[in-house]
Number of protein chains: 2
Amino acid sequence: VDLPADLERALVDAVGAEHVRPGTEEPGACVDWTGRFVGESPAVVRPADTEQVAAVLAACSAAGATVVPQGGNTGLVGGSVPLKGEIVLSLVRLRRLDDVDRSARQVTAGAGVTLGDLQQHARAAGFAYAVDLAARDTATVGGSVATNAGGVHVLRYGDTRRQLVGVEFALSDGRVVRHLSGLEKDNTGYDLAGLFCGSEGTLGVVTAARLRLVPRRAERVAALLAFAETADALAAAQAIRDRTPDLEAAELFFDDGMRLVCEAFSLTSPFADSSAVYLLIECAADDDPTTRLGSLIEETPASDAAVAHDHDRRLALWSYRELHTSAINTVGAPHKLDVTIPLDRMPAFATEIRARIGELGPGVRVWLFGHALDGNLHVNVTGLAPDDERVEELVFPLVVSLGGSISAEHGIGTAKKRWLHLARTQTEIEVFRAIKLALDPAGILNPNVLL
Amino acid sequence: VDLPADLERALVDAVGAEHVRPGTEEPGACVDWTGRFVGESPAVVRPADTEQVAAVLAACSAAGATVVPQGGNTGLVGGSVPLKGEIVLSLVRLRRLDDVDRSARQVTAGAGVTLGDLQQHARAAGFAYAVDLAARDTATVGGSVATNAGGVHVLRYGDTRRQLVGVEFALSDGRVVRHLSGLEKDNTGYDLAGLFCGSEGTLGVVTAARLRLVPRRAERVAALLAFAETADALAAAQAIRDRTPDLEAAELFFDDGMRLVCEAFSLTSPFADSSAVYLLIECAADDDPTTRLGSLIEETPASDAAVAHDHDRRLALWSYRELHTSAINTVGAPHKLDVTIPLDRMPAFATEIRARIGELGPGVRVWLFGHALDGNLHVNVTGLAPDDERVEELVFPLVVSLGGSISAEHGIGTAKKRWLHLARTQTEIEVFRAIKLALDPAGILNPNVLL
């Protein structure tokens, strides 16, 4: 794909020649990290600030060139890859990170700040940033806003949208909207921050965000619990949530995933016997919550429990959960689905989906893990060609029939675009299209995703 | 104003003759409760359910008739009054109230359910609905969603938008969007619930909402504290917030308001001496928070404190705050402004605005009260003609210069429409207009508000 000379000149004028590079020299910007989505780009452009982002968009808009915004490129639905020769607009240099506003308990961060850096910055000021996920050291503020990232703390603090007090973005024609004052009460027109959050780069390019912080809890305890039945694990998670405000995470995984993680990384389970289902709980409080959690665990039907208060032993327990993604990659490039199932139907879903996927052929394996109280299960399938859509054809209608969502936290991207009609009615999709047309009339922004 | 015969027939077909009444027979539907905004209407239409709402809108759309949606009509910015002869679409008959979903901790409620009924319904199931405000027995779910209502618990639970998991609405042409599944994680397209929340009836008509519930706290304690300085009161509120998760309300008012309330309702202050500033605190927890709050109060510079644990004495303390609105009405119809000021600038704002308003003439009085930790001050001015805009001309530029908002929780409505440009840039207003045009291309919905 070639870059028209006029456009190249305009881009170089906007950001400097060293920040306009052909996609062939930036292969990492043209493929997602799972390797499933591969594209090419005439130019990977890295503006330094909001004004340069606006100039890049104005130039692309004038030339009618399509653009894929990109943050850490850690998404799982092909939403930040130039699949059809788009210009890549990388936001990684927008690393503004303002002082924490202690009175408002908020901070303003540029789109290119990683979640890990944001968390560290918040911690240094005595706070925490609530959204946390395994890709924290690569995933960016801009990407997490554009995709409404979830993660492991949603049950206590909500998703990214619930942290977002204000947003700065550039429209496709280069106009900039900046609403970062961080007022908790500000009913002066439509909620653009919430609308842009989760819009997957289709309405504008997020350049900065004003984010709520939460108190930093001094004391943490993690516990790994083993159960014979999925329903028991979910009931235990609900009971603990209902009896303590300290619960911060409740992650669910299964025996096959536990074995795979242990094999792939030479780890040993903390338990002598294996169990069908595991629940990883974390509580955080100002005082040590270990005793409180201990007595709550005693009331559950857990057959085994390992409790860790010190930092290293907590991380060791977390590794059984967090290494799932990497362990599954050792089996082969997986189909990665990410669904929500109403809690009371999750056990039936897990049983049913294992049976159905197993019928797709020998060597086809399904790996389930996720966030117990959100009803969010990650469904990974190995042993099939990446373009084999029988997985989606099996999983999505079942999810919808159970009242669930075909995308819990990953978004629609390009991967699930053709399935959106299962999740949303024709009228809803018409409303989405009307909003898209209103804000990006030429359709140059992230044209391969969502709609 | 007359109703075309075709349209009248279509409306009667849609909802039945007894639910289509001329505005002259429904005077309460044509004026807001402050009496400041008065209009007239050819028809006040009261559909029974979502399908009837859709039919009414389709009929109005076909006839090119403009429509003002109306809930409890308790708004303060003239947003639900037929100022120019619009048809009033009253949602008060949409009183669907589903069983509480205990597992998801959510409930689905029709637009016409009052906040008071919703709260009672939640309490009966062991939960609470977080949004609470003085008009709770008249204000409706639909109105609170359309205006993103705030209230006294925002500091702990956030505004209405943060309670909203899903929404059902009818577009101006009668198409219906229903997304009430209540999944906490559901990244499948744009966040229409958040966009409609606070859109003031300009994008569509909210017919039902899926709302989060919070745990019902068994034990409550209220305390009225007296201070010599506004800054001391604010610092005390922040210190208490930072040291306990139990804080649920922190209301601020001043000596003049206290005296007025006591005079108007023959009440006696709990304190022998008067003070410049009062802070009303409420904490709620599963166990009795009285002792914890008591020791936190001891660390503040409060000169007096009254603490109430039992129900009646708590309500008695609250009455000093909640009777402000009615007490001010005894002085005369007030100009009611509702602004947010960053906390550290609130003392300077209070001093400055008293001085400036006082210069408008003898008999002109300003009454300030509000929500301490949100930075939300209600500015009421008596002694001026209702159409005297010198108040807005004095207050709004000062608010904006201090980094505040010209509407904290009341919205823009018709009252602040001409001042929106102070709060939002030209580009933001263009974006609002583009969204409005996309969803209500004929512009029939609530045409006098916001834009």
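Per chain, numbering begins at 1; letters A, B, ... match sequence-line order.
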Sort out for me which of [options] touches chain A most, counting heavy-atom pairs under 4.5 Å.
options                : answer
B/R424, B/Q238, B/E428 : B/R424
B/T340, B/T188, B/I412 : B/T188
B/G198, B/G194, B/G189 : B/G189

* To do: Show the numbers, then the answer: is there a side-chain contact (heavy atoms from CB on, under 4.5 Å) between A/V431 and B/L439?
  => CA-CA 7 Å; A/V431 171; B/L439 297 197; 3.7 Å; yes
* Asked: Ion pair present between B/D242 and A/R105, side-chain N to carboxylate O less than 4.0 angstrom?
  -> yes
Under a 4.5 Å heavy-atom cutoff, which of [options] has the most pairs with chain B?
options                        : answer
A/K436, A/R241, A/H410         : A/R241
A/L437, A/L203, A/D338, A/I406 : A/L203
A/T425, A/L192, A/L420         : A/L192
A/R433, A/K416, A/E409         : A/E409
A/E200, A/H371, A/E184, A/R178 : A/H371
A/L183, A/L195, A/D286         : A/L183

Measure across [X] and [Y] and return the closest heavy-atom pair with its distance rounded to 0.1 Å.
X      : Y      : value
B/L343 : A/S103 : CB-OG, 4.0 Å
B/Y190 : A/F432 : CE1-O, 3.3 Å
A/S181 : B/G403 : CB-O, 4.5 Å

* To do: Give the intermediate values and the outcome of side-chain contact (heavy atoms from CB on, under 4.5 Å) for residues A/D159 and B/K185.
  => CA-CA 8 Å; A/D159 53 18; B/K185 283 182 161 178; 5.8 Å; no
* Asked: Can you tell me how far CG of B/N187 sits from OG of A/S199, rounded to the nearest 0.5 angstrom?
  ->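 Result: 10.5 Å between the selected atoms.
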* Asked: For B/T427 and A/R175, does a side-chain donor sit closer than 3.5 Å to a side-chain acceptor?
  -> no
* To do: Measure B/L171 against the heavy atoms of chain A and call it side chain, backbone, both or neither at under 4.5 Å.
  =>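 For B/L171, side-chain heavy atoms alone lie under 4.5 Å from chain A.
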